[in-house]
Amino acid sequence: SSQVCGDGTTANDTSGIVYVVDVVANAQKAGCGQAGRTVQFYFVGANLAVMHGAARTQYVETMVRAREDGIMVGRIWALGEGDGTESLDRQGTLFRTGPDGWNEAAFVHLDRVIAAARMSGMKLIIVLANAWADYGGIPMYLRWIGHPDPAAYGASDSFYTNERARELYKEHVRRVV
């Protein structure tokens, strides 16, 4: 059996799972399925280069074009950690400029990107950290806590176990969310 649900249709299968098909907005709309049942959201998604680099200034056009191409969910970065030694261009895209420093312009840009996604009808997956040094990542967190060799094999384990590293990351999450 099926029913209209939000912008899509639910279809019940024999396992008791409710599948939401072709839903663009509000997949968890009240009345879609029954309490205690799983709603699965199928979508077409893409990484969107709107937070760093040259395409940063074209975020509205990128979102609109992606949506026109059928992209329903975009993945963006709300990350970028530095220590103040980066080029001026790179510093402009950092969210953090040290363990105690913040780049307010990056948060303002994130707000604009979120608003553009909403305007175009797109949902976002916002990545808050990564493991790579290109944008700071776990190696920068480890430098901030004084790790002797953040690039060494297995060093990233300290990010997950060191209380100070965990607290620095939680500060970022609190600030973004």
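Heads up: numbering here begins at 1 and tracks the sequence.
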Identify every side-chain donor-acceptor pair in residues 163-171 under 3.5 Å, counting partners at least two apart or on other chains, and give the distances.
| from | atom 1 | to | atom 2 | distance (Å) |
| --- | --- | --- | --- | --- |
| Arg166 | NH1 | Tyr160 | O | 3.1 |
| Glu167 | OE2 | Arg174 | NH2 | 2.5 |
| Glu171 | OE1 | Arg96 | NH2 | 3.3 |

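Linking ILVMFWY side-chain heavy atoms closer than 4.5 Å, directly or via other members, places Val50 and Val176 in a single hydrophobic cluster. Residues Ile145 and Val173 share a single hydrophobic cluster, defined by chaining ILVMFWY side chains whose heavy atoms lie under 4.5 Å apart. If you chain together hydrophobic residues whose side chains sit under 4.5 Å apart, Val127 and Leu94 never meet in one group.
With contacts defined as side-chain heavy-atom distances shorter than 4.5 Å, the pair Val44/Ile71 qualifies. Taking the side chain as every heavy atom from C-beta outward, Ile114 and Ile126 approach each other to under 4.5 Å. Within the 4.5 Å cutoff, the side chain of Phe43 has no heavy atoms near those of the Lys123 side chain. Looking at Leu124 and Met63, their side chains come closer than 4.5 Å, going by heavy atoms from C-beta outward. Looking at heavy atoms from C-beta onward, Ile76 lies in side-chain contact with Leu110 at the 4.5 angstrom threshold.
Closest approach of Gly74 and Leu48 over heavy atoms only: CA-CD1, 3.7 Å. Nearest approach of Arg67 to Gly121, heavy atoms of both residues: NE-O, 3.6 Å. Contact between Met51 and Phe95 at its shortest, heavy atoms only, is CE-CZ, 3.6 Å. Leu79 approaches Leu128 most closely through the heavy-atom pair CB-O, 3.7 Å. What you find for Pro139 and Ala131 is that their closest heavy atoms are CD-O, 3.6 Å. Taking every heavy atom of both residues into account, Ala155 and Pro150 meet most closely at CB-O, 3.5 Å.
Each salt bridge (Lys or Arg N to Asp or Glu O under 4.0 Å) pair with one or both residues in residues 43-66, not counting sequence neighbours, appears once here: Glu61-Arg65. For the salt bridge (Lys or Arg N to Asp or Glu O under 4.0 Å) condition, no pair includes a residue of residues 143-159, sequence neighbours left out.
Between Tyr59 and His109, the ring planes lie perpendicular to each other; the angle is over 60°, past the 30° to 60° tilted range.
Atom-to-atom distance recorded for Trp77:CH2 and Thr93:OG1 is 10.0 Å, nearest 0.5 angstrom.
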Item to check | Val60/Met119 under side-chain contact (heavy atoms from CB on, under 4.5 Å): CA gap, chis, key distance, verdict | outcome: CA-CA 9 Å; Val60 172; Met119 176 193 75; 3.9 Å; yes
